[in-house]
Amino acid sequence: MAPLEPGRDRQVYVRPLVSLFHARTRSRGAFGGRLRRRRRAVDGRRYRRGVHQLPVRHDRRGDDGRRLARRLRRNHAVRRDHGGSPEGPRLARLTRRITPSSVGSRASIADSRSAFSAVCTTDSPLVSEAVVSPMSRFGEIEEGYDPHAVEQRVFDHWEDVDAYERTKRHRAEGETYFFVDGPPYTSGSAHMGTTWNKSLKDCYIRFLRMQGYDVTDRPGYDMHGLPIETRVEEQLGFENKKDIEAYGEDAFIEACKEYADEQLEGLQSDFQDFGVWMDWDDPYKTVDPEYMEAAWWGFSRAAERGLVEKGHRSISQCPRCETAIANNEVEYEDVSDPSVYVKFDLADREGSLVVWTTTPWTIPANTFTAVDPDGEYVGVRARKEGEEELLYVAEAKYEEVLREGRYDDFEVEEELAGEELLGWGYDHPLAAEVPDHTDHDGAHEVYAADYVETEGDGTGLVHSAPGHGEEDFERGRELGFPIFCPVGSDGVYTDAGGKYEGQFVKEADEEIIADLESKGAMLASGTITHSYGHCWRCDTGIVQIVTDQWFITITDIKDELLENIEDSQWHPEWARDSRFRDFVSEAPDWNVSRQRYWGIPIPIWTPEGRDDDEEMIVVGDREELAERADQAIDPDSVDLHKDTVDELTITEDGTTYTRVPDVFDVWLDSSVASWGTIGFPADQERFEELWPADLIMEAHDQTRGWFWSQLGMGTAAMGEIPYEQVLMHGFAQMPDGRAMSKSKDILVDPHEAIDRHGRDVMRLFLLSNNPQGEDMRFSWDGMETMENHLRTLWNVVRFPLPYMRLDGFDPDETTLEDVDSDLEVVDEWVLARLQSTKREVTAAFEDYRQDRALSALIEFVVEDVSRYYVQAVRERMWDEEESGSKTAAYATIHRVLREVVTLLAPYAPFVADELYGTLTGETGYETVHMEDWPEVSDYWTDDELEADVALLRAIEEAGANARQGAGRKLRWPVTRIVVAADDERVAEAVARHEDLLADRLNARAVELVGPGERWGELAYSAEADMSELGPAFGDRAGEVMTSLNEARIEEPDLAALEGAVGEELEPEMVSFVTETPEDVAGTAFGIDGDDRGVVYVDADLTEDIESEGYAREVVRRVQEMRKDLDLDVEERIAVEIAIADDRVADLVRRREELIREEVRADAIGDVDEGHRMEWEIEGVDVELAIEPAPSS
RNA sequence: GGGCCAAUAGCUCAAUUAGGUUGAGCGCCACUCUGAUAAGGUGGAGGCUCUCGGUUCAAAUCCGAGUUGGCCCA
């Protein structure tokens, strides 16, 4: 790692403090004997002040002025009125003294600020610095969290300090980490799924950088392929390939490039706008010659291994695009198609075979009929309209088939096994219409085939046309048949189609059905709705035809592929083991050729007049192309697209080779990303250093896509899987659980999410979702919640700043270690919680569960820091006197907040950076993203203390509950609370923190009933432990539990309980529960579901308590009236109190002193003018009036 | 039609590698607090843990069959 940037003397390095304390172990044991514990190292070493600080001073020069100016600008723009500031009395007082009458206008605020600073300089070096630089550490931050304002400022700041470049340089010497970006396809803008994907990538990259890695972060774009071609065709108003030819290949390719570039710009700016830090100046593009060369290289390696062949195969063809498409480009949707039952008349015997098909247009190419040799078939004698026939179908299907044929009646005449049908001959039903139909030896006979199901759809006899289907094709080849396919690449019958020549196949269906009917070959004809394959781009129904295509024969290396899978780790694991492996084992050879234009040209040259794979030349890179091509080309500047390379020929040994016209399947482009992204094969060095990828992360649709294509190419070319870790996330769904769909306009636009809540909030929400395999359901509520959490953090950071500023607290001069002896228990506790939070966050991150890490962090901020710690230390910070305790609180909260914003940085990079800047000023890095990931300190770890405070908090909570149960508001003191502790630990905690408990529960006294002791007036019942009762009582366990729950006994004694229940019990089976007397409210407290004791609140009223209670009621109302008048916190007033009830009036009078003090009243007496209100307090009418004191 | 994953409060999720009386946050309602205030506290309502079977003294959890949703394959 490189803490100091070479050549940058202005860099201040703050070494992470925690790391120095690894050797120290903090003293253990439950609360010792003193409230404040003194920390001492076990090894007995003492630590000198400041020894951990590298005293590198900041040298203000160069572009620093710019930063300063920017910060000044920012600071002044956000200054707010001090008058109503919630920063506490001390600050308000000071401010007022300086600017007695000028609060409000922006100019006067600026004045007041420097005046204020000047006053504070006498005893505060930090504040004196603030005169020079108002926006130094602890500069004021906005009163409310405004995501958009923060984000705009941080964008500016990043630009000003070159934050991204600086952060990368900062890690330049770190261990390399090779992340590969799965290239999004450049059509359309970023949707929520893409946004989630990039946010995840950004989050992990930032995390890895903070851990010290030099992370490869080159983004990529997938820019070739049919989707862009079809978009451009639409724009140009084209209908088919002939239009493209007419327009000109060169021009069309250029148009595609322009379109892709345009789309790329949109994506680039979106991703940058989301706060994603990747190398946007240098993305890899699949259309760049350097990248295309990587594909050529990979393909040529596969060819060297003998894995490239040209094959006559059955493929899915899009008749509009006139190209083969891969199986995984076929999309299935429900359509209505013909459903016909056709009779094939048997040649040498009575009767016909009945077959079923939804594609009548394939009947002309019928070559044989398939049966399941082990299946059961029947011959059925059927009658209709006086005519009689013998029909052969599967036994399981005959009733259904005959019903379809509307026969009057029928009977099974013959039962026979499938194998008995083998070899039966029949007549092609359209022999006359299609004269070129197959009629070779063995054609039109019955054969066995494993794709036949006697109980599936159809008749159990399968019409087989090897020219129109993969299975039929395979079987036809096995049988040694020539393949008959009378359909061209545009889905139109060729001359081999006879009568149907020139017709588009789907349109010929009708005529074929009519012809079959007129020949009496049609048993039944209807329609059916079923799912049928369509072109993924233009939605045209595909046709199965046989053409010549280029393949990578990955089935030859299937074992190697499956082995290589083992070298990758997937998160979640099942994605690899239950899903990817299945997909890979079933994957057929990869058809990589497309008869299109916008793609990487296949680098194969074949001898003129031949186009097979016998004597092909496969070119591996531009260098080789330049060497072998007949034409002169410059390898550095040659563009490798089709329009260029089609012209090139190669002549060797007297033979001239021409390029095959096809381009690659676009999936092949991204399959080479792991080396294409690092400039291989041109750049060997980086390849050696980085390859294979350490991590990739994409959504679950990529099992069939990029996860697979990379495995295929990596294995074919390199013999290895090109990635090690895979994080497979899910899809973004609508708030109601529907899939998002751009074409149906069902979506939540990330830009809208940003408009409503900002980038940090959106990222926080996205990243709070489980990234492993599960879909993310978008939720505006969830967004709102995240914004609230950030607001809480904002307020927490904002709270201590004014006090620190006033006291000139310098976290570098006064570190946590310096104030060790002044730390109070609550400080030690929050530091301990910080350690366990870091431990949890880091572990979750390393387990690829950043969502769990985030919730641990948020819980710490909201629950522990905001709701507890800040509450607990407020009064210490308000203290005007110098105090060790106050300084200790400063040091503590500073450490906590600084680490919290650091942990938050990967999630909410904007707000984390701004808060970090405020906390560290000029002494930190330019950006939080350069920080090291906070380490867990053993020294500050204290699991026992964490557990203890958890107990105290539980007691407090239960006490508040009991209070409410007793009907006594917190404002009214109670005489005492009684804590019945179940164990020694609870008793210790209470004993030591009686004052704290008394204070927080507003009790005059705290009594402790230790474990084993009993508090009088309590009854007991029992609670059953079902894990004990179950085995002991078997099926009566439930019944015994019920009687236990209902039992009431005076002593928590097993014998008494046995008496009450009438069963023999063991001590482990039950725990006793106290039943509170009526005049006392009790609430059980516990942790993690385990009861640890009970708090009782004695709500008995005494005159003294009533006196204080009523007085405080008056105080609160006066305070509210002060607020009505918008009085300054310090402003003195006069108060008039008129109470309708004499007794209450007397009680209140006893506490006049308290009232005067609390409401800052000089006098209690008559008020003439002023603010007057009537109140009802506990049923008593009270009239109050206040006015500002005449001369204060 | 097949494979994988998911299904627990209105919403988002927990429930500790192998069963033991279902929990949290957000939202909602009521009360409360009023020097973080577009906050804080307490309580409440809200669940045949998707359905049906099975194993077991005992199933949200294990097994089988379905239903719904998502992805993938045909």
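FYI, side chains are in, hydrogens and waters are out, and symmetry mates aren't considered; it's all heavy atoms of this structure. Within every chain, numbering begins at 1; the chains are lettered A, B, ... in the order of the sequence lines, protein sequences first and strands thereafter.
- Taking the centre and axis of the six-membered ring of A/Tyr868, the NZ or CZ atom of A/Arg953 falls inside the cone set by 45° and 6.0 Å.
- Side-chain proximity of A/Arg852 to the nucleotides B/C73, B/A14, B/U12 is greatest for B/A14.
- The shortest distance between the side-chain N/O atoms of A/Arg777 and the OP1/OP2 oxygens of B/U12 is below 4.0 Å.
- B/G44 and B/A6: their P atoms are spaced 34 Å apart (whole Å).
- One P atom belongs to B/U32, the other to B/G25, and the distance between them is 22 Å to the nearest Å.
- Regarding A/Met776, its CE atom lies at a distance of 20 Å from the P atom of B/G69, rounded to whole Å.
- B/A24 and B/U16: their P atoms are spaced 16 Å apart (whole Å).
- Of the two residues contacting RNA chain B, namely A/Val865 and A/Gln733, the nearest-nucleotide position lying further toward the 5' end is that of A/Val865.
- Of the candidate nucleotides B/C72, B/G41, B/U37, B/G41 has the atom nearest to the side chain of A/Ala960.
- On the P atoms, B/G64 is 43 Å away from B/C28, given to the nearest whole Å.
- Mapping A/Asn788 and A/Thr703 onto RNA chain B by nearest heavy atom places A/Asn788 closer to the 5' end of the strand.
- Spacing of P atoms, B/U8 relative to B/C50, comes out at 6 Å, to the nearest Å.
- Partner A/Ile325 forms a side-chain contact (heavy atoms from CB on, under 4.5 Å) with one of A/Val330, A/Ile315, A/Asn591 and no other, that one being A/Val330.
- When distances run from any side-chain atom of A/His700 to the nucleotides B/G70, B/C5, B/C73, the shortest one goes to B/G70.
- Remark: B/U49 base-pairs with no nucleotide; criterion is Watson-Crick or G-U wobble with both hydrogen-bond distances under 3.5 Å.
- Ranking B/C72, B/C71, B/G35 by closeness to the A/Arg1160 side chain, first place goes to B/G35.
- Closest to the side chain of A/Arg579, from the set B/C4, B/U34, B/A38, is B/C4.
- Using a 30° and 60° split on the angle between ring planes, A/Tyr532 and A/His530 fall in the tilted class, from 30° to 60°.
- Distance noted for atom P between B/C26 and B/G40: 8 Å (whole Å).
- When all heavy atoms are compared, the tightest approach of A/Pro572 to A/Met728 is CD-O, 3.8 Å.
- Whole-Å rounding puts the A/Asp847 CG to B/U17 C1' distance at 12 Å.
- A 3.5 Å limit on both hydrogen-bonding distances identifies B/U12 as the Watson-Crick or G-U partner of B/A24.
- When each of B/U42, B/C71, B/A38 is scored by its nearest atom to the side-chain atoms of A/Phe731, the top-ranked nucleotide is B/C71.
- Between the CG atom of A/Leu793 and the P atom of B/A39 there is a distance of 16 Å, given to the nearest Å.
- Here, B/A60 and B/C52 have their P atoms 13 Å apart, quoted to the whole Å.
- Checking B/C26, B/C71, B/C11 against every side-chain atom of A/Ala739, the shortest atom distance belongs to B/C71.
- Below 30°, between 30° and 60°, or above 60°: for A/Phe580 and A/Phe707 the angle between ring planes is above 60°, a perpendicular geometry.
- Side-chain N/O atoms of A/His191 and A/Thr194 include a donor and acceptor closer than 3.5 Å.
- In this structure, the nucleotide among B/G3, B/C5, B/C71 sitting nearest to the side chain of A/Ser578 is B/C5.
- For the side-chain contact (heavy atoms from CB on, under 4.5 Å) test with A/Val761, the passing option among A/Glu787, A/Glu784, A/His789, A/Arg756 is A/Glu787; the others fail.
- Heavy atoms of A/Gln871 sit under 4.0 angstrom from at least one base atom.
- What separates CZ of A/Arg1112 from P of B/U32 is a distance of 19 Å, to the nearest Å.
- The A/Asn769 side chain lies nearest to B/U12 when the options are B/U37, B/C5, B/U12.
- Side-chain proximity of A/Arg867 to the nucleotides B/G41, B/C72, B/G70 is greatest for B/G41.
- Heavy atoms of A/Glu859 sit nowhere under 4.0 angstrom from any nucleic acid atom.
- Nucleotide B/G40 holds its P atom 10 Å from the CG atom of A/Asn795, rounded to whole Å.
- Whole-Å rounding puts the A/Phe583 CZ to B/C71 C1' distance at 12 Å.
- If you measure from atom CD of A/Glu863 to atom C1' of B/C26, you get 13 Å, rounded to the nearest angstrom.
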